[in-house]
Amino acid sequence: MEAQNKEVAALVAKITGLQAAIAKLPSLSPSPEVDALFTDLVTACVPPSPIDVTKLGPEAQQMREALIRLCSAAEGKLEAHYADMLAAFDNPLDHLHRFPYYINYIDLSKLEYQLLACYVPGCAAPARVAFVGSGPLPFTSLVLAARHLPDTLFDNYDLCDAANQRAKKLVRADKDVGARMSFHTSDVADLTHELRAYDVVFLAALVGMAAEEKADVIAHLGRHMTDGAALVVRSAHGARGFLYPIVDPADVARGGFEVLAVYHPDDEVVNSVIVARKVDGAQASGLQNSAAPVVSPPCKCCKMEANALQKMEVFATTATGLSI
């Protein structure tokens, strides 16, 4: 226990120093200094750690909340930078691999698709999907459309109109993906009847950065999504909670959902994934105290689904002709 306490204290001290250095930067736009600091931060947070960031003291919690907001701002600038760069190509989707975290998004999207196919098989081939918090570089929607869901329509929602305008430019040259992608400038709190149209809703990690904000967003989705629809929520675990908000599965259940699985990656994929299904009020009340299975590493069910769907994915990628 003493060794663990020392390890946790050393990690908090390191993260505190990095947060202070990042906060002093004149700009969070991509640059050698910015890139180096965030590389150090991710390198410190990704390895397994005994830390539970939800139990940190008030001062450390304030530091963590400030750091997550800095990460959010930097991520937005990084995506905007690469969206502008990619837009200069005749077909931007052929060059997505230039983004430094390309493989991470490929792996995360595949993981989320496999978890959906395993735990909500009725949503393995959804007619319509919404991604809330899509940003200027909507990687998840692009990857899912090209590799896993060749017939699905995608509605991407973001607060920032400039982000949506950038995203639109990325799909302009691809007749298939472009025809299946829509972009909407809207606050999730303003979405009501629209949410009933979706078989699956993805909630980005940085939509609602404080725990209370995230719980409010999930409760809003629970009030307006259709019973039986799936919700995929990105979270974080361990030291990765310094990079992204941690979502309590109990908040998902209280929002009107049955939590089906919680997955904590142990590789380069940073985000945890919560998969849930919208249920009616009576069912939701009875499920609030139920524990969801923690699926990590992937369960046999997911591996079987991955094997069964592999040919479909290869066919979809070949048919679209994309290099995503």
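Remember, it's a predicted structure, so these values are computed and weren't measured experimentally.
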Taking side chain as C-beta onward, heavy atoms only, is [X] less than 4.5 Å from [Y]?
{"X": "Leu206", "Y": "Ile68", "answer": "yes"}
{"X": "Leu203", "Y": "Arg234", "answer": "no"}
{"X": "Leu149", "Y": "Tyr113", "answer": "yes"}
{"X": "Val171", "Y": "Phe183", "answer": "yes"}
{"X": "Val12", "Y": "Ile51", "answer": "yes"}
{"X": "Tyr263", "Y": "Leu111", "answer": "yes"}
{"X": "Met85", "Y": "Arg98", "answer": "yes"}
{"X": "Asp35", "Y": "Pro30", "answer": "yes"}

Distance alone, cut at 3.5 Å: any donor-acceptor contact between the side chains of [X] and [Y]?
{"X": "His184", "Y": "Asn164", "value": "no"}
{"X": "His264", "Y": "Ser272", "value": "yes"}
{"X": "Asp155", "Y": "Tyr198", "value": "yes"}

Query raised in the report: With distance as the sole test, does Asn104 use its side chain to make a donor-acceptor pair with the main-chain N or O of Glu268 at under 3.5 Å?
Result: yes

Report task. Using modelled atom types only, decide if a donor and an acceptor are shared between the side chain of Glu194 and the backbone of Thr192 within a distance under 3.5 Å. Result ->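 Checking the backbone N and O of Thr192 against the side chain of Glu194, a donor-acceptor pair under 3.5 Å is found.
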
Query raised in the report: Are Val42 and Leu18 linked, directly or through other ILVMFWY residues, by side chains that come within less than 4.5 angstrom of each other?
Result: yes

Query raised in the report: Are Met209 and Leu159 connected in the hydrophobic side-chain network, where two residues link if heavy atoms are under 4.5 Å apart?
Result: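 No, Met209 and Leu159 fall in different hydrophobic clusters.
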
Query raised in the report: Should Asp251 and Lys214 count as an ion pair when the cut-off is N to O under 4.0 Å?
Result: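 Here Asp251 does not pair with Lys214 in a salt bridge, since their nearest N and O are not under 4.0 Å apart.
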
Query raised in the report: Is Lys278 paired with Asp227 through a side-chain N to carboxylate O contact shorter than 4.0 Å?
Result: yes

What closest approach, in Å, do [X] and [Y] show between heavy atoms, and which atom pair accounts for it?
{"X": "Ala230", "Y": "Met225", "value": "O-CE, 3.5 Å"}
{"X": "Gly241", "Y": "Val53", "value": "CA-CG2, 4.1 Å"}
{"X": "Leu221", "Y": "Phe257", "value": "C-CZ, 4.1 Å"}
{"X": "His224", "Y": "Leu195", "value": "CB-CD1, 3.8 Å"}
{"X": "Pro50", "Y": "Val8", "value": "CG-CG2, 4.0 Å"}
{"X": "Ala167", "Y": "Gly135", "value": "CB-O, 4.0 Å"}

Query raised in the report: Just how far is it from atom CG of Leu170 to atom CG of Leu96, taken to the nearest 0.5 Å?
Result: 7.0 Å

**Report entry** Distance in Å, Ser235 OG paired with Ile274 CD1, rounded so as to fall on 0.5 Å steps
**Finding:**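 So the OG of Ser235 and the CD1 of Ile274 are separated by 4.5 Å.
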
Query raised in the report: Out of Ser49, Cys45, Pro47, which residue meets the side-chain contact (heavy atoms from CB on, under 4.5 Å) rule with Leu11?
Result: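 Running side-chain contact (heavy atoms from CB on, under 4.5 Å) over Ser49, Cys45, Pro47 with Leu11 returns exactly one hit, Ser49.
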
Report task. Take Phe99 and Phe139 through the ring pair (Phe, Tyr, Trp, His ring centres under 6.0 Å) test and state the conclusion after the steps. Result -> CA-CA 10 Å; Phe99 186 67; Phe139 249 111; 5.3 Å; yes

Query raised in the report: Would you say Glu7 has more than 12 foreign heavy atoms packed within less than 6.0 Å of its CD?
Result: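 Result for CD/Glu7: enclosed.
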
Query raised in the report: Yes or no on side chain to side chain contact (heavy atoms under 4.5 Å, CB included) for His81 and Ser29, after CA distance, side-chain angles and deciding distance?
Result: CA-CA 8 Å; His81 171 81; Ser29 296; over 6 Å; no

Query raised in the report: Given the rule in the side chain to side chain contact (heavy atoms under 4.5 Å, CB included) test, do Val275 and Val273 qualify, once you have shown the distances and angles that lead to the verdict?
Result: CA-CA 7 Å; Val275 176; Val273 179; 4.1 Å; yes

Report task. Go through the steps for Glu75 and Tyr244 under the test side-chain hydrogen bond (donor to acceptor under 3.5 Å, both in side chains), then give the verdict. Result -> CA-CA 11 Å; Glu75 187 171 306; Tyr244 291 102; 2.7 Å; yes

